[in-house]
Each structure stands twice: as C-alpha cells, then as structure tokens.
Q: 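Before I ask anything, let me first share the structure, which is written out below as structure tokens.
Below, read A as the first sequence line, B as the second, and so on, with proteins coming before strands; counting in each chain starts at 1.
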2 protein chains.
Amino acid sequence: MSLTSVADIIKGSIPVGEIVAVNGWIRTRRDSKAGISFLAIYDGSCFDPVQAVIENTLENYNDDVSSLTAGCSVRVTGKIVESMGKDQSFELQATKVEVYGFVDEPDTYPMAAKKHSLEYLREVAHLRPRTNIIGAVARIRNTLSQAVHRFYHEQGYIWISTPILTGSDCEGAGEMFRVSTLDMENIPRTDDNKVDYDQDFFGKETFLTVSGQLNAETYACALSKVYTFGPTFRAENSHTTRHLAEFWMVEPEIAFADLSDAATLAEQMLKYVFKAVLEERQDDMAFFAQRVDKECISRLENMIESDFVRMDYTDAIEILKKCGKKFEFPVEWGVDLQSEHERYLAEVHVGGPVILQNYPKDIKAFYMRLNDDGNTVAAMDVLAPGIGEIIGGSQREERLDVLDARMAEMDIDAKDMWWYRDIRRYGTVPHAGFGLGFERLVLYVTGVQNIRDVIPFPRVPRSANF
Amino acid sequence: MSLTSVADIIKGSIPVGEIVAVNGWIRTRRDSKAGISFLAIYDGSCFDPVQAVIENTLENYNDDVSSLTAGCSVRVTGKIVESMGKDQSFELQATKVEVYGFVDEPDTYPMAAKKHSLEYLREVAHLRPRTNIIGAVARIRNTLSQAVHRFYHEQGYIWISTPILTGSDCEGAGEMFRVSTLDMENIPRTDDNKVDYDQDFFGKETFLTVSGQLNAETYACALSKVYTFGPTFRAENSHTTRHLAEFWMVEPEIAFADLSDAATLAEQMLKYVFKAVLEERQDDMAFFAQRVDKECISRLENMIESDFVRMDYTDAIEILKKCGKKFEFPVEWGVDLQSEHERYLAEVHVGGPVILQNYPKDIKAFYMRLNDDGNTVAAMDVLAPGIGEIIGGSQREERLDVLDARMAEMDIDAKDMWWYRDIRRYGTVPHAGFGLGFERLVLYVTGVQNIRDVIPFPRVPRSANF
C-alpha cells in the first residue's frame with residue numbers, strides 16, 4: 001500500500017486494482033439511499049478531487065464518516081477502480097477512512113461548499129486557496145513561474161537577484177516606500193533639524209526597489225545575458241483592478257543587443273510560457289475557459305500562432321488619428337497612449353499582438369537610447385489583444401555623452417549615478433531589456449479580472465493583512 | 001556566419017573550420033614578437049575566455065587592436081581552429097575585430113588585469129561580476145536556483161510568493177525593518193500624540209518579512225506541497241561574515257507530514273542541488289577548488305554519498321559533555337548550541353552531515369510542535385561539516401489547544417493570529433517545513449568565506465550602495 005496524490009489517480013497512473021492511500025480535504029460528501037457515501041477529496045495536486053466510495057459497513061462510518069463536512073482532512077485507503085460516474089475515470093473504493101481534523105462549527109465554515117464572491121474570498125485569503133478558482137490560479141502561477149525560469153535557463157541566461165533595498169531614488173518608475181529602523185516616536189534630528197538618516201540602519205535614506213533594471217544592466221555588461229525574477233514595489237495610491245503595491249517582475253537584460261533583439265526575446269518568451277500552461281495545466285485552463293473567460297484558451301493559442309507585428313509609435317498615432325473612432329483621450333504625437341488606444345491597435349487594427357516602438361523621448365525614462373531623429377527613443381511596449389500593454393522595454397543608452405545630456409535635461413544628478421555611468425566608460429556595449437509584470441501575465445492567461453485575485457496575499461492601499 | 005557564445009566554442013560544439021562571430025570583453029591582450037596578438041575574450045557564458053589569434057596584417061590592427069586593453073568590448077569574427085596552446089582546445093583565428101567600446105583611462109580601470117582583494121571588489125560591486133570569482137559565483141548561484149525550482153517542481157510542489165510587506169510583527173525570527181510612506185519630516189500624530197499609522201499607506205504599522213512560513217502554511221493546508229523562494233530581511237546590527245540584512249530563502253511546507261518527512265526532504269534537496277552544480281558547473285567548481293577552498297568539490301561529493309545521521313538534541317548534549325573537548329561556550333541541556341558544538345558533532349563525532357532534532361521548547365518558536373515529553377519540540381537543524389547549521393525546520397503545532405497554550409506562554413496575542421489559528425480549526429493536518437538560507441548554501445558550495453561576496457549587491461549595516 002503506497003501513498004499517492006489525487007493527480008496520479010485521476011490521470012490513471014495507478015493500475016486498477018491497486019491499494020493506495022490518499023491524503024486530502026473533503027470538498028463534498030454525498031450519501032445515497034443505498035447506504036453508500038461519496039466523498040470528493042481534494043489535495044491541490046490537480047484541479048479535480050478524487051471520488052472515494054464508502055460503504056456504511058465501514059467500522060467508523062457512524063462515528064466519523066457520517067460527520068464529515070467540507071474542509072475536513074482525511075486519509076482514505078482503498079482500491080483503485082474504474083468509475084461508473086461520468087465525472088471521473090477512476091475512483092477509490094475505500095477500505096479505511098482516518099480523520100486528521102474536523103471542521104469547527106461547519107455551519108459557519110468560511111469555505112462551506114457554496115458560491116463565494118471573489119470580494120468575500122479576499123477577506124479570507126488564508127482559506128481561499130481551498131477554492132477551485134484560487135487553487136487553479138496557484139497552479140497556473142507556478143507553471144508560469146517554472147516556465148519563465150526554464151525558458152531563460154535553456155537560452156543561457158543567468159538569474160540574478162537584484163537588491164530589494166535601495167539607496168537610489170532615481171529609478172524613475174514611480175512612488176517609493178521608505179524603509180527605516182529609526183524610532184518613529186522619537187526621530188533623531190541633525191543640527192539643522194532635518195531627519196538624521198545617518199543614524200538609520202543603512203546610514204542614509206533607503207527605499208524599496210521599483211525595478212531591478214539598473215542593477216541588472218551592470219551584470220548584463222559582464223555576463224552578457226541575465227534576468228531577474230523578484231518582487232518590486234510602488235507606493236501609488238491606485239485603487240484599480242490592475243495595480244498592486246507589491247508585485248513580481250521578470251526583467252531580462254541582454255548585452256550586445258538592440259531594441260529588435262529585446263522584442264524578439266519578448267515574443268519568444270511569451271509564446272514559450274503560454275505553450276507551457278496549455279500543455280501542463282489543461283485541467284485548470286478548462287476551468288477558466290468554462291467559468292471565468294471563455295476566450296482564455298483561444299487567446300493564448302492565437303498568440304502562439306501570431307507573428308507579433310512591429311509598429312512605430314509615429315505610425316500608430318497616424319492610424320489612431322485617421323481611424324474614425326472617437327476616443328476618450330484625444331490622440332496627438334507626443335501623448336502617452338491610453339489603454340483604449342493600445343487595445344484598438346491590437347484588437348481592431350492588427351487583430352493580434354503588436355510591438356509598438358520608438359516613442360517620443362519626453363514621455364520615456366532617461367536611460368532609453370536616443371534614436372538618430374533626436375526626438376524618439378528606442379522603447380517598446382508589447383500590446384496584447386484583450387489586455388493592452390503586457391511588456392515594456394527599451395534599448396538602453398550606451399553612449400556616455402548622450403546619457404549625460406539626457407540626465408542633465410531631466411535633472412538627474414550624474415554624481416549619484418556614478419556606477420551606472422561607469423558601465424558606459426568601461427567597454428560599453430549596446431544592450432536592451434524589458435520588464436514583465438508577472439501578475440498581469442497571470443491575469444492575461446486566466447482571464448481573471450482583478451489583480452488581487454492572482455497573488456496569494458495582495459498588498460494594496462490600506463490593506464496588508466495576513 | 002553565425003553568432004556564438006564562448007561556451008559553445010570552448011566545449012567544442014562548433015565544428016572546426018566554421019566561421020563564427022563572438023561578442024565579449026577583453027580579459028587580456030598579449031602580443032608576440034612575430035606580429036601576432038592573442039586576445040582572451042570573456043562573455044560570461046562559462047568560466048574560461050576564448051582565445052582569438054589576430055595577425056598584425058588585419059586592416060584595423062594599428063587603429064584598434066593594438067589599443068585594446070582589459071575591459072574593452074569587441075565582436076570578433078573568425079574561423080574555429082584547434083589550439084596549439086595548452087590552456088584551450090579550440091580558438092578563433094580572427095578575420096575581423098570590431099570594437100564596441102574602449103576603456104576610459106585604462107591605467108585607472110578598476111578591473112585592470114591584476115589581483116584584487118574581495119574587500120576592494122565590494123566597493124565596485126557594479127564591475128566585480130567581470131572578475132573570475134564573482135562571475136563564477138553568479139553562475140553557481142544561478143545553477144543552484146534553477147536546481148531548487150526544478151527539484152520542487154519535479155516533486156509536485158507549487159511555488160508560491162508569500163508577501164514581503166507584512167502587518168504581522170510576531171513572526172519571531174528577529175528585528176524587522178519598518179516600511180512607510182509617512183512624511184518623516186512631519187509625522188502625523190493621533191490625539192494622544194502617538195504616530196498616526198492610520199494615515200500610513202496600509203493604514204497600520206508595516207514591516208518587511210522575516211520569513212514566509214506562516215503564510216506558506218496556509219497554502220500547504222490547501223494544496224499539500226508548496227515552497228517559497230524569495231527575499232527576507234533582518235534589521236540586525238550584525239557585522240559578521242555570515243549575516244546580511246537582505247537575503248533569499250527557500251521555504252518548503254508539506255501537509256500530511258511530520259518532522260521526519262521534512263528531514264528527508266531536506267536531505268534529498270541538498271543532494272539534488274549539489275549534484276546539479278557538480279555536473280553542470282565543473283568549470284566554476286574547478287576554479288573554487290583551485291583558488292578558494294580545495295575541499296569544496298569533495299565536500300559536496302561526501303554529502304551526496306552520506307546518509308544524514310539523525311540525532312536527538314538530548315543525546316547530542318550528552319555527547320558534547322562527555323567528549324572531553326573544551327568549548328568556549330559551556331554545554332548544558334537547555335542551551336542553544338553554538339557553531340563550535342554543531343561543527344564538533346558533524347565534523348568530529350559523526351564525520352558527516354547530522355540532522356539534530358527535538359530541541360528544548362524554551363529556545364524555539366511558538367509554532368513548533370510540542371513533543372509528548374512536554375519539554376521538547378519537533379524542531380530540526382541540518383548541520384553540515386565545514387559550516388554548521390545550513391537548514392532549520394520543524395513540524396508545526398497543528399493542535400489548536402496546544403498552540404493557544406504556547407502562544408499564551410510566550411505572550412503572543414491570539415487575536416492577531418486569528419487566521420493562523422483558523423488553519424487549526426478547519427481540517428487541521430500535521431505539517432512540517434524548513435528554511436534554507438540561499439546565500440549560506442552558496443557559501444557552502446563555493447567555499448567563499450564572506451556572505452557579502454555571494455550576493456550581487458549585499459545589504460549590511462551602513463551599506464546599501466548601488
């Protein structure tokens with residue numbers, strides 16, 4: 001008798017007739033008039049629970065089995081048999097049921113077997129992985145994460161951990177959280193009555209990173225191909241379905257590469273990870289297609305089969321101006337595109353993924369490479385039908401004099417950036433990279449609408465519970 | 001003509017006679033009297049640079065090639081030939097050398113080809129990945145990280161991201177960093193003159209996590225097998241070679257498991273990742289064995305071949321008391337073991353890895369499962385020869401009444417832990433897990449002495465540069 005997972009039973013890895021044990025939690029119990037109970041037992045190893053069939057002649061039927069409710073934890077031993085039911089191929093003919101833990105007050109169990117709203121589930125984020133949808137999200141997240149690591153590893157990239165704590169506040173990607181060990185009730189002051197950060201843990205003002213890119217560049221300019229995969233932070237007071245204060249980012253950085261190379265890498269990576277979820281998580285994807293977003297599988301299939309169309313920002317502006325569609329935000333060369341514009345380009349004009357490139361320099365960061373026209377920079381956004389921007393990247397300015405001029409223009413102190421400038425002084429190389437917000441990728445894959453439902457414990461304004 | 005990596009040339013993947021191009025940085029240039037220059041070109045794809053042989057008849061020999069110094073970036077095109085030299089099997093007979101970037105003031109280039117101290121290299125952490133040792137560390141880190149993900153994935157574990165920002169300060173693993181967006185120059189106050197955290201970003205006091213364990217437990221008690229791999233933080237004013245303020249941790253959590261299962265998993269995981277580095281990074285490991293710690297390969301081989309000896313804390317105390325060795329810190333039942341004791345047990349008494357278990361409850365955390373003796377808890381430490389503790393873990397207390405009693409004893413407010421208690425109220429299960437400090441693993445594998453040299457940008461008291 002060996003211990004097995006529900007997944008191994010469901011997919012038929014265990015020969016019929018074999019005696020196995022399985023550990024898990026009760027999803028439902030159904031009793032037939034013929035004196036047989038059916039337990040649906042879930043262990044997280046796949047979307048479906050396994051059905052255990054229990055006769056009321058079992059020794060502890062009255063003491064234990066008849067009291068089992070949703071959420072109780074059990075170990076069931078029994079024989080693998082082909083199922084008569086239409087919902088499963090194999091089931092377990094139980095010879096023994098051991099209870100690890102009952103549910104305290106089953107009537108008020110927060111995960112009782114009924115339909116719960118996603119809003120409600122956020123209030124019980126410690127229990128919601130026991131639901132179909134949050135369990136499926138967790139497995140999809142894992143599959144995407146594993147696929148990301150595998151993709152870069154196969155291509156010779158080196159994973160690096162860029163720092164979370166940073167003394168640099170010029171990354172320019174948004175509001176930052178301050179990190180400190182100063183006594184807030186009694187902040188030390190300097191002689192001129194400023195906060196004395198010299199007494200803080202790091203001896204200076206310190207923040208949570210908004211991007212690992214600048215650090216990753218230093219490693220790419222030594223080891224050629226690197227990527228980060230770690231948490232990043234924005235202290236923005238955004239209450240949307242697309243923003244988190246804490247989220248994970250994937251940021252590859254490639255030396256000896258230009259914007260086109262970064263665009264190619266982005267396309268290859270997306271296709272690779274989409275293939276992985278479609279192949280490895282058919283069960284969970286079928287659930288999302290059935291219950292959440294019926295396009296979610298075909299959308300990924302289309303992305304895999306599409307050639308991503310590359311289009312200049314300037315051309316896109318012309319298209320949007322001439323398209324005859326009335327947008328909420330008017331379009332003019334120089335403006336930042338809104339989601340409505342991005343989605344029009346991807347969904348209507350191209351009817352597939354678009355890589356928009358060469359944006360006006362005035363709406364982009366200081367480190368992006370100035371194009372020969374003097375007005376645009378080698379930036380790109382990958383726009384996907386159904387969501388808009390999913391990846392943002394650029395070729396980095398590798399010419400020290402041009403970088404210095406851009407920093408001066410944007411009031412960034414070159415002295416603070418001495419190490420970033422060094423990379424341009426010592427064997428500078430063209431290099432490029434991009435950032436992929438991991439939770440937005442999960443939204444795109446699953447069709448889930450609110451980003452708070454695709455990370456285990458979401459952090460948003462006024463909420464850092466659990 | 002195709003672009004290739006140095007690794008592919010070195011390992012003989014490119015047929016002799018083929019014309020290829022390679023991008024990289026010059027390590028050294030050597031000129032022979034016969035008018036031939038030898039460039040060592042490094043691109044980070046493996047430990048060794050490739051040698052390019054350049055005749056002084058090349059068009060830009062005088063303009064470019066003769067000015068190349070360590071750190072310059074180039075693209076060299078040429079034919080793969082078998083090498084006459086003893087240091088490499090294949091080399092590149094160059095037909096073209098293009099320079100991407102020279103080195104500004106080669107005489108003061110911080111990475112000029114000479115011996116640098118590790119202390120000095122920390123001052124130039126943005127350039128140190130260009131050195132042999134830090135490049136090798138980066139590749140080993142990557143190999144270990146990939147192996148960790150692969151190991152858990154193959155075993156059916158789900159990677160979850162536990163939150164970095166936490167409102168919970170009772171994780172009990174050490175001093176925490178505060179995270180805030182309050183204006184430090186002008187802290188808002190409540191009516192009774194306390195800091196008004198209600199006005200802070202999350203509406204309450206918030207910290208950086210010291211461990212993902214408590215959150216991971218909630219997911220393990222829904223999906224059975226999970227692990228985290230992410231950054232954790234300690235605001236401890238430790239100036240040792242073994243402590244970082246920011247470091248990465250691997251934390252598996254297994255439902256339906258006891259201490260012995262966690263110990264088995266720890267042993268399997270370590271052996272798996274050690275095998276991976278020995279197989280995949282022979283070049284880098286040979287370097288560490290030659291230059292840093294001549295035991296580093298045999299140490300891993302011994303670990304792979306050893307059965308980890310399991311020993312009770314109580315027995316270990318007896319052994320230490322009777323061994324006749326004089327320790328700096330005296331040994332008595334109830335004390336926390338010091339590194340000298342741990343190393344004695346692993347290196348002298350057993351002569352191999354030891355899993356020490358069942359520690360006195362008074363020196364361990366509230367969540368560890370109380371043993372039947374009432375005095376010890378189901379905690380374990382994995383002690384490795386040469387380093388001491390490398391993994392710490394425990395079976396978790398799954399019995400609500402015992403947990404509540406322990407929390408009361410240790411002055412932990414049960415109300416704050418309502419969600420953690422819920423896991424014991426609703427289908428509780430025996431579960432266990434452990435934590436592995438990723439940087440300590442890298443120290444152990446490489447033999448590098450200072451933990452600041454095995455993470456790209458170390459964060460320690462008074463230092464958060466770059």
Q: Between side-chain atoms of residues 216-228 of chain A and protein atoms elsewhere (two or more places apart, or another chain), which donor-acceptor pairs fall under 3.5 Å?
A:
unit_1: A:E217; atom_1: OE1; unit_2: A:Y420; atom_2: OH; d: 3.0
unit_1: A:E217; atom_1: OE1; unit_2: A:R424; atom_2: NH1; d: 3.4
unit_1: A:E217; atom_1: OE1; unit_2: A:R424; atom_2: NH2; d: 2.7
unit_1: A:E217; atom_1: OE1; unit_2: A:H431; atom_2: NE2; d: 2.7
unit_1: A:E217; atom_1: OE2; unit_2: A:Q213; atom_2: NE2; d: 2.8
unit_1: A:E217; atom_1: OE2; unit_2: A:Y420; atom_2: OH; d: 2.6
unit_1: A:T218; atom_1: OG1; unit_2: A:N215; atom_2: O; d: 2.7
unit_1: A:S224; atom_1: OG; unit_2: B:D43; atom_2: O; d: 2.7
unit_1: A:K225; atom_1: NZ; unit_2: A:Q155; atom_2: O; d: 2.7
unit_1: A:Y227; atom_1: OH; unit_2: A:H149; atom_2: ND1; d: 2.7
unit_1: A:Y227; atom_1: OH; unit_2: B:Q146; atom_2: NE2; d: 2.9

Q: Is the distance from the ring center of A:F102 to that of B:Y426 below 6.0 Å?
A: no
Q: Salt bridge check: are B:R421 and A:D104 linked by an N-O gap of less than 4.0 Å?
A: no
Q: Check the orientation of B:F177 and A:F201. Use parallel for under 30°, tilted for 30 to 60°, and perpendicular for over 60°.
A: perpendicular
Q: How about B:H126 and A:D422: do any of their side-chain heavy atoms sit closer than 4.5 Å?
A: yes
Q: So, B:R459 versus A:T206: side-chain donor-acceptor pair below 3.5 Å or not?
A: no
Q: A:R150, A:H153, A:M111: which one forms the most heavy-atom pairs within less than 4.5 Å of chain B?
A: A:H153
Q: Using 30° and 60° as the class limits, which term best fits the ring planes of A:W159 and B:W248: parallel, tilted or perpendicular?
A: perpendicular
Q: Here's a test for you: under salt bridge (charged side-chain N to carboxylate O under 4.0 Å, His left out), which of A:R178, A:R189, A:K194 qualifies with B:E185?
A: A:R189
Q: Using modelled atom types and a 3.5 Å cut-off, is there a donor and acceptor pairing between side-chain atoms of B:T428 and backbone atoms of A:G101?
A: no
Q: Would you call the rings of A:W418 and B:F466 parallel, tilted or perpendicular, where under 30° means parallel and over 60° means perpendicular?
A: tilted
Q: Could you tell me which of B:Y157, B:Y100, B:Y152 has the largest number of non-hydrogen atom pairs under 4.5 Å with chain A?
A: B:Y100
Q: In terms of side-chain geometry, is the basic nitrogen of A:R462 or B:D200 positioned less than 4.0 Å from the acidic oxygen of its partner?
A: no
